[in-house]
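Take a look at the structure below.
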Amino acid sequence: MNDRSQQRRPATFRLDDPGVVVTEADETGRLSRGTIQITPEPDPMALPVPIEAARPVRRGFPWGTLFWSGLAGLTLLGTGLSVVHLIEDLFARSETLGFVGVAFAFVTALALAVVIGREAFGLARLTTIEKLHQRAAAVLANDDRKESRVIVQDLLKIAHQNPQLARARATLESHAGEIIDGADMIRLAERELMSPLDAEARRLVSSAAQKVSIVTAVSPRAAIDVLFVFVAALRLIRQLAYLYGGRPGALGMIRLLRHVIAHLAITGGMAASDSLVQQMLGHGIAAKLSQRLGEGVLNGLLTARLGLAAIDVTRPLPFAALPPPKLSDLATDLLRKKDDEE
């Protein structure tokens, strides 16, 4: 008997047939004649999710924290004693001056308390958005339905303060009960709530890049270029943070700037920007632009790359259902603006 006659002929069967046996891939054994063996393939969603390695915990006494805490305490005590002595001297000179000093001290203390409260609220809001981003990324990996519902509710609380998302919130709430999978719920929330915000974020980044490009092209001093680029970058990061629901203060801006720079360092954004500029200028565009205009285009592209990193940092949801904005698109808009100006 040849090999062709030993091959099994195609046949049809039903899954509820008694002769159909479902076995695991690692099971071995000989089945009886006429039995059909089915080995299910592993479900990708059931595969183990890779877990990032935990960062090493620093052990030891926190001398740095103790130093700054002690220094801050001494500064507050010294300032308080100076104010008390000043008010006592004012009362010694005149009762009216003493009451005026007390009023000024009260107003200063009240303003300081409000500023500290705003900074604390801004830092807490940024922390909430960062954790929301991490939780959404985890749900996209493990498809946790219950956690996705909680994330959507937290996201709706943040989006409730934006009147432009009223229709998007209503659409998301109406379709939330129809979604079963947790990952699909996160994608639906991203499409409904993040789509208009992403369009506005792209407009803000493109506008900031164009302004930086124009100003640095006509500026006569390099110091003015550096100062303007720095101010424009801070303003752009603040606008993007407010757009996506953050309310950063002075400390929050320092934290955001640090995260954006770290994001650029991790993703290699500056190197990508340099290669893109070299490719674009190498295709005949350098011959059309003067030296100052070329520097302006470069500064604009670097500002755009910084804006894209700020979007990744301030966005409460990772990019899953929507494509992330690309530097090449913003560079095309920037060069088109340059051509229109010429």
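Note: hydrogens, waters and symmetry copies are ignored here, and every other heavy atom, side chains too, is used.
What you find for V212 and A232 is that their closest heavy atoms are CG2-CB, 3.7 Å. Nearest heavy-atom pair, A310 versus L240, reported as atom, atom and distance to 0.1 Å: CB-CD1, 3.6 Å. The two residues A189 and V152 have their closest heavy-atom pair at CB-CG2, 4.2 Å. Among all heavy-atom pairs drawn from I186 and A136, the shortest one is CG2-CB, 4.2 Å. Contact between H263 and A309 at its shortest, heavy atoms only, is ND1-CB, 3.7 Å. Counting all heavy atoms, side chain and backbone alike, E192 lies closest to P196 at O-CD, 3.7 Å.
Checking side-chain atoms of E119 against main-chain N and O of A250 turns up a donor-acceptor pair under 3.5 Å. A donor-acceptor contact shorter than 3.5 Å is absent between the side chain of S207 and the backbone of R203. Of the possible polar contacts, none joining the D144 side chain to the V139 backbone as a donor-acceptor pair under 3.5 Å is found. In this structure, the side chain of N162 engages the main chain of Q164 through a donor-acceptor pair within 3.5 Å. Between the side chain of H133 and the backbone N or O of R315, at least one donor-acceptor pair lies under 3.5 Å. Side chain of D143 to backbone of A183: a donor-acceptor contact under 3.5 angstrom is found.
At a threshold of 4.5 Å between non-hydrogen side-chain atoms, the residues E130 and R255 count as touching. Contact check for T79 versus T75: side-chain heavy atoms found under the 4.5 Å cut-off. Contact of the V114 side chain with the R118 side chain is registered, since non-hydrogen atoms from C-beta on lie closer than 4.5 Å. A 4.5 Å side-chain heavy-atom check between T314 and I129 finds every atom pair outside the cut-off. The closest side-chain heavy-atom distance from L156 to L193 is below 4.5 Å. Contact of the L236 side chain with the L306 side chain is not registered, since no non-hydrogen atoms from C-beta on lie closer than 4.5 Å. Under the 4.5 Å side-chain criterion, counting only non-hydrogen atoms from C-beta, F91 is not in contact with L97. The shortest distance between side-chain heavy atoms of E190 and F319 falls below 4.5 Å.
Few gaps surround CD on E200; more than 12 heavy atoms of other groups in view lie less than 6.0 Å from it.
The CE atom of M185 sits 7.0 Å away from the CZ atom of R145 when rounded to the nearest 0.5 Å. The OG1 atom of T171 sits 10.5 Å away from atom CZ of R169, with the distance rounded to the nearest 0.5 Å. A distance of 11.0 Å separates CG of L302 from OG of S213, quoted to the nearest 0.5 Å. Interatomic distance, I261 CD1 to H259 NE2, rounded to the nearest 0.5 Å: 11.0 Å. Here the straight-line distance linking atom CG of D154 with atom OG1 of T128 works out to 8.5 Å at 0.5 Å rounding. How far CZ of F104 is from CG of L86: 11.0 Å, rounded to the nearest 0.5 Å.
Looking at Y244 and D198, their side chains do bring a donor and an acceptor atom within 3.5 Å of each other.
Residues L256 and L251 are members of separate hydrophobic clusters, defined by side-chain heavy-atom contacts under 4.5 angstrom among Ile, Leu, Val, Met, Phe, Trp and Tyr. Cluster annotation: L123 and V260 are assigned to distinct hydrophobic clusters (Ile/Leu/Val/Met/Phe/Trp/Tyr, side-chain heavy-atom contacts under 4.5 Å, transitive). Note on F99: it clusters hydrophobically with I87, by side-chain heavy-atom contacts below 4.5 Å among ILVMFWY residues. Cluster membership check: V115 does not share its hydrophobic cluster with L126, using side-chain heavy-atom separations under 4.5 Å among Ile, Leu, Val, Met, Phe, Trp and Tyr. Residues L322 and L165 are members of one and the same hydrophobic cluster, defined by side-chain heavy-atom contacts under 4.5 angstrom among Ile, Leu, Val, Met, Phe, Trp and Tyr.
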Derivation of the side-chain contact (heavy atoms from CB on, under 4.5 Å) call for R135 and V150: CA-CA 10 Å; R135 291 164 55 195; V150 178; 3.4 Å; yes

Run R125 and I158 through side-chain contact (heavy atoms from CB on, under 4.5 Å) and show every step you take. CA-CA 9 Å; R125 192 65 175 269; I158 297 177; 3.7 Å; yes

Please determine whether side-chain contact (heavy atoms from CB on, under 4.5 Å) holds for the pair I311 and V205, giving the CA-CA distance in whole Å, both sets of side-chain angles, and the decisive distance to 0.1 Å. CA-CA 9 Å; I311 290 176; V205 174; 4.0 Å; yes

Begin from the C-alpha positions of K211 and R235 and carry the test side-chain contact (heavy atoms from CB on, under 4.5 Å) through to its verdict. CA-CA 12 Å; K211 290 180 181 179; R235 184 170 181 269; 4.2 Å; yes

